[in-house]
J.: 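Structure provided below as structure tokens; questions to follow.
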Amino acid sequence: MGNELLRVENLTKRFGGLCAVDCFCGTLEANQIKGIIGPNGAGKTTILNMISGVYPPTTGQIFYKDQDITKFQPHKINHLGIARTFQNIRLFQNMTVLETVKTAYSWRAPYSAIETLFSSPRVQKFEREIEEKSMHFIDMVNLKDCAKSNAQSLPYGLQRRVEIARALASEPTVLLLDEPGAGLNQTEVRDLVELIRRLFIDLSLSILLIDHRMDVIMQLCEWIYVQDFGECISQGTPEQIQNDPIVIKAYLGEEINNA
Amino acid sequence: AEKEPEVVQEETETEDVVAEKEPEVIKIGNLQDESGPMAALSGAVTLAAEMRIEEVNAAGGINGRMLELITHDTRGDVNEAINALTRMVVQDDVQVVLGPPVSNIGIAIAPISEELQVPIVGLFMEDRCTIREPGTPWSYMFLAQNSASRQGESIAAYAVQELGLTKFATLVNTANSYSVGLAEPFKALVRANGGEVVAEETYNWEDKDFRAQLTNIKGTDAEALFFPGYPPEIPLILAQAYELGLDVVMLGNNSVAPTGFAPTTDPAATANTFYPYGIDSSDPSVSDWAAKYEARWETKPLAQSFSGDDAIGIILQAIEACGDDVTSACITEKLNTMGEFEGLQGTFALDPTTHQPIGLPMAIFTITDGAPVFLEWYTPDGPVN
Amino acid sequence: MDFYIVVGIGIAANSIAVLGTFMLTGMNGLFSLGQAAFMGLGAYISAILVVNVGLPFAVAILISMLICSALAFLVGLASLRIRQDFFALVTFGFGQAVIAFFQEYVSVTGGALGFSNIPNLTTPTLAFVSLAVGIFLVWGFRRSHFLRDSLAIRSNELAAKVAGINVFKHKMIVFIIAAALTAYAGSLMAFHTRYVEPKMYGWITTVTWIIIVFFGGRDSLTGTMVGSILLLMAPELLRFTTAYRIILYCAIILIIINVRPKGLFGTWELSIKPLLRLFKRKKQEVS
Amino acid sequence: MDLIEIFQQVINGLSRGAIYALIAVGFAIIVNVLKFSNFAHGGVLGISAYAGYLASSQFNLSFIPVVLIGMVTGAIVAVLVEFIAFRWIRMQKGQLVYFFVTSVTMLMLLEQILVIRFGSFFDTYPYDLIKVKFINIGELSISVTYLISLAVTIVAFGLLIYVFKKTKIGIAIRAASNDMTTTSLMGINTGMVIIAAFVVSGMMGGISGVLFGISTSLSPQIGQVVVKGFIASVLGGLGSLTGVAVAAVALGLIEVFLVSTIGSGYSPVVIFALMIAFLLLRPQGFAGVSFTDKA
Amino acid sequence: MLEINHLHSGYNKIKVLEDINIQVPDGKIVVVIGRNGAGKSTLLNTISGLVKISSGSIMLDGEKLPPTPHRIVARGITQIPEGRRVFPSLTIEENLIMGGYLATASEIQKRTLEVFETFPILKERFHQQAGTLSGGEQQMLAMGRGMMANPRILLLDEPSLGLAPLIFTQVFELVQQLNEERNMTIVLVEQNASIALNMADYAYVLEDGKIVIEGTGKDLVVDPRVKAAYLGGVVEE
Ligand SMILES: Nc1ncnc2c1ncn2[C@@H]1O[C@H](COP(=O)(O)OP(=O)(O)OP(=O)(O)O)[C@@H](O)[C@H]1O
Ligand SMILES: Nc1ncnc2c1ncn2[C@@H]1O[C@H](COP(=O)(O)OP(=O)(O)OP(=O)(O)O)[C@@H](O)[C@H]1O
Ligand SMILES: [Mg+2]
Ligand SMILES: [Mg+2]
């Protein structure tokens, strides 16, 4: 496939005796939103962790633009253009939203440590530049009013958006979102779906999405992988998945689907 | 034990009370480690000096002028010592300084004393404190007791000549300048006399367990062990050597005296131990002084108390000799041309080329049934009669 | 020499070492317990190069800083990738090893008796200008993304990595700069006290710097420098309390940290802007 | 070296290790529980050692009461330290690192108190506090205080592991180390729980102080031996007292081995090299439990 | 009966809650909904004693609540906090023991079995460190830990966070079951407003720290203001 961005092959992760992910295979093409769903503990987050370099896979390989990135460090993977958010929010202490988002630009600084010591003018120029860019992304996730407030004392739902803004500021090609819909009410979920769609179109991102909110998944994803006990039990379009009896039994349950 | 040296009687010195022209006090600096690891040794010097000054002041001072001891803490730290010394001289206006029994500080302040032009009489035993280069002393640095090398050589000479030993082991604290400063001359003299150093073990500042080193020594054919160090280590070395069945002659330094036969060590462990000391504690004048000291301060005198008394004595003698002209320059000159001084350690003069005492022997002691026994006066060249 | 200048030189030189600790431990939360060893290395190397080899002062300082940077690089290589507390342990071991080396390599270092006869080359001007330059350098560093990166790493290393920060490289840079600063401070000290001995560079010395940083405020360069001057001066100021001065010194630190758990200055930074603004407003008022 | 000598050195190493282990455990309790290196433990150890000394030399108490007095003193001092140096910071939700800073300050403070009270000189426990100081087996000699240390260490370990793994208060102490706020939501009085941890650690500090004092001599700087506890607790690996004990004994053996072969002089250099090698090979420490922070 | 009268509270200088009046009768389910940042968690934290009351009062059976969290728990009020907050380095078993800290050993054993029955996955992972559990598993553990206390009043802060649909329904069934079988009083903060309101006896809507709407659950579900703001407005499809 020509525009295939991300490809994982036989990705496996074991924690002691527990096989959290068993031979997961999948791809993500340019300008595509795919989802991963599955019961709790099925290994979804673990897959993201391996793609983003947080955990090394036990076996298997990860390719990004046909480059083997399996053994890359997380920051290297970020530099290549893969950004992510965390399911358990990870923001920085005593930092404003703006500063938090700015961290994503650090590695792009055009100057060295020595230059900063001598207060080279480039430093302040760069700072001004990224301030503008960061504000742009903060605006995008509707956090403009909170830009100067401490990120960690924001309410839970807004903290998730800070995470998204930070990931966006990496200016990635691939965005990995881990349960962005958690802790939002139905109205807010609707806004989130719109936001993601807008990002998808405006920034021409490719997105891999994990969520338990079916409205999010079904409205956004072209293709869905279903994980259960580490194994991929099914995959397909939203319609196929919604009607797959295996998925209904393992994950969706009757009521939700009918609702 | 014979009574060898005579002890100065302070009262007689201060008889001549001059009519009060200017009752300005004479300030004597006291640069000591009050809060650092050597505080006990430094403290002993301070106590001796304070006692002496109390007495002199009680008797009307020197040439009618009262004395004041201005003590500053070094915390055993060179930078603080330099600050404190500068402060004494520049701010407190002292004319002469009583130095600490810590060689590192002595070495460090030697060039500073040159700059400040203030005489310092101290107990820093390392040659580098008083000798600038062979033949030339630091102009303002004076030592009031035997140097480390003389002490080390004396016990070495005694061991070789009187005890007839030839094979030695050493156990040295390589972090402690005093310990190192004793060991090198000891080894040199042993070798010069045809002896052999068969084991050179070392330990570090915080060490309290010497079994590994002692076990090693036990594995050699050493006949004697020289273990120069600070007081806290000494009973431990003696006890642990005894435990391990290390049956050799134990040769100590002047730190053994107030500690090694403390009631806390098995008397058996201290048998066969010899050490040099600055004074003969069995001498009545010395023991009288010790009793006075104990009565005044409720603590036993250390080696540094006796030599500290001599150090302040030398300073006072020089001040007295200066008459009305109590200045650094005069005191330095008087110290350089001091002549005989009668102190607790004996009668001695200062060598103008080394600024160290000349003709001062070391008292060799042994321990019998947990009590010190004076044997004889000794120098690196042999016994003194 | 004036007493205050003598004390001042010592404070200035030590404050440069505190600057290093500020970057390393304050900003980045990296606890090096062997930082004083770099001061020792700086001191010994520059002193030996000047006294024994006869190199010019400036060249000797430069060489000692380079050697310390290289050593920091090696130590960092071994310890910055693994868990944080290992860094404390490895640097502690490094410090002990360096001291052992000073003590044992007697023929060159003079062993426990120390290395003396160092010329008095640290002039008051040199010391104070050096401190000013040091502060300027660290200030510049803090105005760049490095400050943000430090805070991010300090609070959540994983998130920082995922945000693209090369954590290892960042820590390495900081460690090397801190080592070089500390080495420089060591050279200044050596040519001020004119005597160096191994004991001066133990872990307790390192810890005093760490205390100073947290006393003044780990997040405030101003605070750290004010704290540094206060605490380095304190032993002199408290001299009148004689034997109790260390107790008092400790008590002051405990009280301040208890009352102000973010340090004396918290995150407050002296900046010229408000001063300028004040000035401007005054002008307006006048006009 | 003949065989006897080698055996003797092994005994020497184990003896050293036993004392280190005792010190390390008390230290590691706070490390494991409150996640910071409590150097003030050295001060606790020092004060208790002197308390035991006073009890034995002034009041002629025998061994067991002296150890008990050491334990009680240790517990009291540890709790005082907690009050003076840690409580306020904790209540204001200060950062963990401040605990480290105040703990070192506390160590200096306690040390200075000893300097002022006892001078910088040294003292020793009465010689006859332990009647039999050492045992000879053939040519080998074993120090009795070290045997006692070993026994105390083993017993204390058993107890501590039981307390921390099985009792509610023990688990609560560990929970508090994770998250004070949530712990209080479980109905746990976190203030008391922390004090409990300090009491236990202080008692261990007290015992180790007295035993270390008996087997060596007392000087105000005695508390600095706490760095051995620091080394062992890091090498031991987080969260495992057993790992800490193993590391402490290993440290004792290695030190003795180095002293007996290359001498004490350069052994810190070798220890440094060994440390690095060990941590590179086994980044999880001796114990092997590594808690990974799940993303 | 838990009564909150004219409550004001917040963090340091930041005021969050203003003049809150809430009544929680025994054995009822009271639901609080509101947007992100409305102050729902702050409300629960104030009841639990984690956030200081600046004015007003919280009364349990006509008596003021004690000032410290652990003593409030002793009075029978337990909170299951937002964002799981399990003890990461403790095992599942130990986390549960902590939940039942105030109970006797035999009760702990009994309740542990109940929790395992409800969430079998926890039983399988008995000795796993809680920090390594997946998000949803942690949420189940947090829920189980709350059950261990068997309180009179249970405060639930977004218990459905990160749960898969099947477990999600199960958790709400559980809440209802606790209410019915053990007569436990429930205060529920939940983003899935429709489900929550449907099971509520009484409900409050919080906006900017103030109560703007209150009424029975059934009333609120059909309230157009609630519909627009919290139920996704016009339901799609
Ligand atoms: N570091 C680890 N050590 C041990 N087990 C782990 C670790 N990380 C994850 N696991 C286990 O691996 C399994 C998969 O976890 P993962 O977080 O990927 O689940 P998930 O699909 O994201 O679930 P959820 O929807 O609840 O977030 C879980 O059972 C979890 O307990
Ligand atoms: N620790 C804190 N310090 C300062 N302000 C805080 C803190 N915690 C919360 N706040 C502020 O209090 C307000 C209410 O927050 P709260 O967490 O109660 O909202 P919430 O209704 O629970 O939101 P969510 O649905 O996202 O959980 C917010 O404006 C938030 O910024
Ligand atoms: Mg997950
Ligand atoms: Mg909330």
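In the text below, chain A, chain B and the rest are named by the order of the sequence lines, each starting its count at 1. This is a predicted model, so every value here is computed, not measured.
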J.: Compare every heavy atom of C:Y195 with every heavy atom of B:A108, then report the nearest pair and how far apart it is.
T.: CB-CD2, 3.4 Å
J.: Which bit of B:N176 is near chain C, if near means a heavy-atom gap under 4.5 Å: side chain, backbone, both or neither?
T.: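 For B:N176, backbone heavy atoms alone lie under 4.5 Å from chain C.
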J.: Using a strict threshold of under 4.0 Å (side-chain N to carboxylate O), is an ion pair present between B:K27 and B:D92?
T.: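 Looking at B:K27 together with B:D92, the answer is no, because their closest N to O distance does not fall below 4.0 Å.
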J.: Measure from the ring center of C:F38 to the ring center of C:F94 and say whether it is less than 6.0 Å.
T.: yes
J.: Heavy-atom distance under 4.5 Å to chain B: side chain of C:I246, backbone, both or neither?
T.: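 Contact with chain B: side chain only.
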J.: Under 4.5 Å heavy-atom distance to chain C, tell me which part of B:N173 shows up: side chain, backbone, both or neither.
T.: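 No part of it gets close to chain C.
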J.: Which answer fits B:A81, side chain, backbone, both or neither, if we ask what part of it has an atom under 4.5 Å from a heavy atom of chain C?
T.: neither
J.: Start with the C-alpha distance between B:F186 and B:F168, add both sets of side-chain angles, then the distance that settles ring-ring contact (aromatic ring centres under 6.0 Å, His included), and finish with yes or no.
T.: CA-CA 10 Å; B:F186 179 94; B:F168 294 87; 5.6 Å; yes
J.: Counting only heavy atoms closer than 4.5 Å, note whether B:R132 contacts chain C via side chain, backbone, both or neither.
T.: neither
J.: Please flag which part of C:E197 lies under 4.5 Å from any non-hydrogen atom of chain B: side chain, backbone, both or neither.
T.: side chain
J.: Any side-chain heavy-atom pair from B:M38 and B:P100 closer than 4.5 angstrom?
T.: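 When only atoms from C-beta onward are counted, B:P100 and B:M38 do not touch, as no gap falls below 4.5 Å.
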J.: Chain C: which of B:V180, B:I82, B:D73 shares the most heavy-atom pairs with it under 4.5 Å?
T.: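 So the answer, after comparing B:V180, B:I82, B:D73, is B:D73.
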J.: Could you please spell out the steps behind the side chain to side chain donor-acceptor pair (under 3.5 Å) verdict for B:N30 and B:E50?
T.: CA-CA 10 Å; B:N30 182 31; B:E50 273 178 11; 6.0 Å; no
